[in-house]
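Encoded as structure tokens, the structure appears first; notes follow it.
Excluded from the calculations below are hydrogen atoms, water molecules and symmetry mates; all remaining heavy atoms, backbone and side chain alike, are included. Ligands are counted one by one from 1 in listed order, and the atoms in each one are counted from 1 as well.
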Amino acid sequence: MLHRQIEHRLHAAVRIVLPDADTESLLVRPCPDTKFGDYQSNALMSLAKARKLNPRQLATDVVAKLDVAEWCESVEIAGAGFLNFRLKCATVEQKLASAQRGEHLFFEKTTQPRTAVVDFSSPNVAKPMHVGHIRSTVLGDCLARTLRLLGHRVITDNHIGDWGTQFGKLLVGWKQYLDRAALQSDPIGEMERLYKTVNAACDADAAVLETARQELVKLQSGDVENLSIWHEMIALSQRQFDEIYGRLGVKFDHTLGESFYNPHLKSVVQELRDCGIARESEGAICIFTDGAVPPKDDPFLKQEDGEWHPHPALIQKSDGAANYMTTDLATLVHRMATWQPDEIIYVTDGRQQLHFRQLFATFRRWKPAATTRLAHVWFGSVLGEDGKPFKTRSGETVKLAGLLDEAEERAFKVVAEKNPELPVEKQREIARTIGLGAVKYADLLPNRQTDYIFSWDKMLALQGNTAPYLQYAYTRVQSIFRKAGVASGVVTEFRLAAPEEFALAKHLLNFGLSLEAVAAEHRPNYLCNYLSELAGHFARFYEACPVLKAADVERATRLGLCDLTARVLKQGLDTLGIEVSDQM
Ligand code: ARG
């Protein structure tokens, strides 16, 4: 990629001027304002500051040694020491031509592949997936796709919640209130009903609660009947989850639920006690602070009334039961031993931040030599248009399956209205692509740490920063090729002339940068915004530069730009987990 090549030359020049400088962090990035150049580096200013040099003088010295004439028209020093690079027209044209020949699509596979485990979706058995799980599913899937596209080794693991105290109540419900027919038609719905029924009964009658506790103990000690019911609950839930994953086009390499780690929990607790990280407290086993970091960064302390108090992580309750934390510790150990990952990414909502801070801190104390990067990729809530947590009209949490149905239904109305001549089958297929794409994009577009407001009208709009808008840009190119009567992908010579052609071409060049930013910061919104800008550049180009009425090199150049735009849109959307259709 060009910015990388320029960066290398910049590093070399800096090393001539300052032989001992660490050049790794000197970056070249797209210029925020193309008036000044195509790429820019502000790195010399911080370098000068750190060394108490005059930044403009340093810039002048570096530029004197900087050789980028192969690709750049000029290098200008601006402001306090910015370097602005302007690409040569021929360089841009060559890049387009090599992409058109299929040598690249404006990104490069990494030369240093890493192994990343992505832990995402992770719904709970016997409970319906809700909008929070869709966000985890969509974000996690996009991160996995991005890392894979860039050449990393990715292992996806669905950490299903298939163990825990809820099974005591579920077992009571199953044995006393099960409606087999309802279980057939909507297994999770029926299990949810059982849980709610018994939960209410427990509140009213302590004896029921005691029965539930006994059922749980029986399950945990391997009672054959309870185990077989539990297996059935998992299988039925998994079937319903798989239906949703099938619709969303999401696949997992592994589905190792919490129960998979049961045999290892005792030894995790023992080891942590043996090495002095965990200790007994009021009958439970807990991890307390080791005082290694300032209180404000210490997940084992909390502030109350201006004072710091212990905030231990529980790994074994006083009744001897392990919990979510114990399981996550065992999971970490298993993943390290099995896949030797360089990075583990956990995608869950923001309410689990403390859990993961404690988990990561414990792991660092336990395995100080491990260099694995642990990342909690958390996200905010989905809100209704009233700004309150997204609920159905009757106040229930919104379930995923129904949400996807509604998305397709709403998209179908739009498609049928716009394309009455298409057969219904085709209308349905297009509506599926648009509806699911809209929901996914709405999840991926906002900064993931902010709450976002779920709005059907906004996400399904054909204008604005939406999936349908991007999908529509793609179909426009397809229709140009249909009208042109040539196949896309023909090798052409590029001769850029109009400013709109240049702007589009240069934006294409930066596709890889957006992918790398997604991978580095676990933020799919960078790719969404890149694609939305691409569609904007394309619209301006298409408005200003007639394609089919042009002739010769001009026509070939424009067709080539159309084709490359469509290919980047398609690849980009695919990386977001969104399909395109050739008609809309
Ligand atoms: N099952 C959990 C939930 O629904 C998410 C699990 C996330 N992964 C993990 N390793 N803790 O909230």
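A perpendicular orientation is assigned to the rings of His334 and Trp339, their planes being inclined by more than 60° (bins at 30° and 60°). Ring geometry, Trp366 versus Phe363: the interplanar angle exceeds 60°, so the pair is classed perpendicular (tilted spans 30 to 60°). Note on ring orientation: taking the six-membered ring where Trp is involved, the planes of Trp456 and Phe454 are perpendicular (angle over 60°, cut-offs 30° and 60°).
Interface of Asp119 with ligand 1, defined as ligand atoms under 4.0 Å from a residue heavy atom, comprises 7 (C), 8 (N), 9 (C), 10 (N). Applying the 4.0 Å criterion to heavy atoms of Thr348 picks out, from ligand 1, the atoms 7 (C). Here is the list of ligand 1 atoms found below 4.0 Å of a heavy atom in Tyr346: 10 (N).
Two residues are said to be in side-chain contact when any heavy atoms from C-beta on lie closer than 4.5 Å; Leu248 and Asp141 fail this criterion. A heavy-atom distance below 4.5 Å is not found between the side chains of Leu460 and Thr466.
The part of Asn124 lying near ligand 1 is the side chain, judged by heavy-atom distances below 4.0 Å. No part of Phe120 comes within 4.0 Å of ligand 1, judged by heavy-atom distances.
Cation-pi geometry between Arg193 and Tyr177 is not met at under 6.0 angstrom from the ring centre and within 45 degrees of the axis.
Taking only nitrogen or oxygen atoms, main chain and side chain alike, His133 reaches within less than 3.5 Å of ligand 1. The shortest N/O to N/O separation between Gln352 and ligand 1 falls below 3.5 Å. Between Ser122 and ligand 1, a contact under 3.5 Å exists for at least one N or O pair. Residue Asp328 has at least one nitrogen or oxygen atom sitting less than 3.5 Å from a nitrogen or oxygen atom of ligand 1, judged on distance alone.
Put simply, the side chain of Gln166 never gets that close to the backbone of Ala126: no donor and acceptor are under 3.5 Å apart.
Distances from ligand 1 to the non-hydrogen atoms of Tyr324 include at least one value under 4.0 Å.
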